[in-house]
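Each remark here refers to the structure printed beneath this line.
Being a predicted model, the structure only gives us computed values, none of them experimental.
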Amino acid sequence: MKKWIFTLGLDVSKKTLDFYYVLLQQHIRVTNDTTGFRVFKKWCKENQIDLKTCLIVLEHTGGYEYRFLQFCQSSSISYLRVPGLEIKRSLGITRGKNDKVDAKRIAEYADEKNNKLEASKPLNKDLVQMRSLVSFRKRLVRERAGLQATVKERKKMYECSDRDLIIKLSKRKIKTISNDIKKIEAELMKYVLTNEKMKFNYFILTSIKGIGMVNALMTIVFTENFTSFPSAKSYAVYAGVVPFDHSSGTSIKGRKMVSHLANKEIKSELNQAAKSAINYDPELKNYAARKLENKPYPVVLNNVKYKLILRMFSLIKRGENYVENYQNVA
């Protein structure tokens with residue numbers, strides 16, 4: 001028996017939303033704004049889709065879905081965000097790709113899993129703002145890295161001194177950006193320290209060797225303080241650190257690989273966490289050393305990232321800080 005009378009698949013992009021209704025094989029594309037939301041509601045009415053008994057299923061994105069989710073909450077419309085790889089693997093081999101096809105695949109997933117799907121919890125406004133701050137911080141970090149590369153390049157290739165105009169201007173901008181990054185981090189910490197649940201989880205995360213302020217903040221933001229992913233593995237899939245076999249029947253095609261359907265922002269920061277953990281955590285250092293005997297470094301680094309995610313979720317679930325030499329922590 002179906003739990004949801006209606007299910008819709010939604011493919012989200014920065015400017016547009018693609019909806020698909022499997023039962024009637026109906027598709028509509030609307031703009032990702034208030035005007036588009038009104039057109040969507042009219043389309044539902046025309047197709048006799050009761051939004052009160054409907055579940056809209058969509059993939060986790062970089063935040064492009066937030067405006068629509070806020071509209072859903074204000075209109076009492078249920079929705080569920082699912083990691084993209086979970087949908088892809090659930091449907092097996094598929095061919096072709098565009099926004100309409102993606103919306104259809106998500107709709108088919110929703111229809112197939114109907115009686116098992118639970119609606120997502122409402123968005124936390126503080127976490128939405130924190131996500132914007134995290135994304136902007138990342139942009140500033142990239143800009144600073146570009147300017148630092150310029151300074152290094154001019155000194156090495158052109159043998160310029162600090163009096164060179166381009167170097168002087170670059171250094172001035174680097175200083176300004178660095179100050180702005182500190183301001184953003186301070187603002188993020190204000191949100192954390194004034195929310196008891198976030199504060200509690202933040203100190204658990206930073207007790208783990210390798211997980212510093214940035215990784216802890218990003219994990220809280222992207223997991224919505226550990227409420228939007230049901231397990232460590234589902235978050236690891238989202239972050240792109242879980243390898244899967246490419247297989248058909250009993251034959252395995254090629255080596256295990258992680259999916260390109262990942263949040264590369266999280267994955268990049270976890271790289272630094274894993275490198276630090278290998279250096280300063282005896283357990284992970286020994287683990288990496290054993291793995292390096294027959295595996296390449298990038299694969300081992302990915303394994304360590306997964307270990308860190310398992311450890312984070314395990315400790316948060318138990319409400320305990322990490323203790324060195326504690327057995328079976330992850």
Tell me if a side-chain donor or acceptor on [X] pairs with a main-chain N or O of [Y] at a distance below 3.5 Å.
X: N195; Y: Y191; answer: no
X: W4; Y: L117; answer: yes
X: Q26; Y: N47; answer: no
X: N302; Y: P298; answer: no
X: D111; Y: T7; answer: no
X: S178; Y: I174; answer: yes
X: R67; Y: N32; answer: yes
X: S74; Y: F71; answer: yes
X: T219; Y: N215; answer: yes

Salt-bridge contact K209-E283 (side-chain N to carboxylate O under 4.0 Å)
no
I'd like to know if R311 pairs up with D281 as an ion pair, taking the criterion as any Lys NZ or Arg NE/NH1/NH2 lying under 4.0 Å from an Asp or Glu carboxylate oxygen.
yes
Can you tell me which residue among [options] is in a side-chain contact (heavy atoms from CB on, under 4.5 Å) with [X]?
X: I5; options: T53, D50, L55, N114; result: T53
X: V30; options: T16, V39, T35; result: V39
X: V134; options: E269, Q129, M218; result: M218

Identify, with sequence neighbours excluded, every residue that meets side-chain hydrogen bond (donor to acceptor under 3.5 Å, both in side chains) alongside D33.
T31
On a heavy-atom basis, which atom in [X] and which in [Y] lie closest, and how many Å separate them?
X: S170; Y: T150; result: OG-CG2, 4.1 Å
X: S207; Y: I204; result: OG-O, 2.5 Å
X: A110; Y: V57; result: CB-CG2, 3.5 Å
X: L80; Y: S120; result: CA-OG, 3.4 Å
X: I167; Y: S161; result: CD1-O, 3.4 Å
X: A103; Y: D11; result: N-CB, 3.9 Å

With D18 as partner, the option from R105, K100, K104, R29 fulfilling salt bridge (Lys or Arg N to Asp or Glu O under 4.0 Å) is R29
Exercise: do Y20 and E108 side chains pair donor with acceptor under 3.5 Å
no
For R318 and S314, does a side-chain donor sit closer than 3.5 Å to a side-chain acceptor?
yes
Under 6.0 Å from the NZ atom of K138, do we count more than 12 heavy atoms belonging to anything else shown?
yes
Heavy-atom check, side chain of [X] versus side chain of [Y], under 4.5 Å:
X: R137; Y: L133; result: no
X: L301; Y: N271; result: yes
X: K171; Y: D162; result: yes
X: L205; Y: I316; result: yes
X: I309; Y: L270; result: yes
X: V128; Y: Q70; result: yes
X: V214; Y: E185; result: yes
X: I220; Y: N225; result: yes

With ring-ring contact (aromatic ring centres under 6.0 Å, His included) as the test, would you mind laying out the steps for F40 and F37 before giving the verdict?
CA-CA 5 Å; F40 163 68; F37 305 157; 8.3 Å; no
CD1 on I49 to CD on E46, rounded to 0.5 Å:
10.0 Å
Indicate if F19 and V22 have the same hydrophobic cluster label, given that clusters are the connected sets of ILVMFWY residues with side-chain heavy-atom separations under 4.5 angstrom.
no
Could you label the plane-to-plane angle of the Y235 and F313 rings as parallel, tilted or perpendicular, counting under 30° as parallel and over 60° as perpendicular?
tilted
Using the ring of each side chain (for Trp, its six-membered ring), is Y238 parallel, tilted or perpendicular to F222, with breaks at 30° and 60°?
tilted
Residue from R131, R81, K121 passing side chain to side chain donor-acceptor pair (under 3.5 Å) with E224
R81
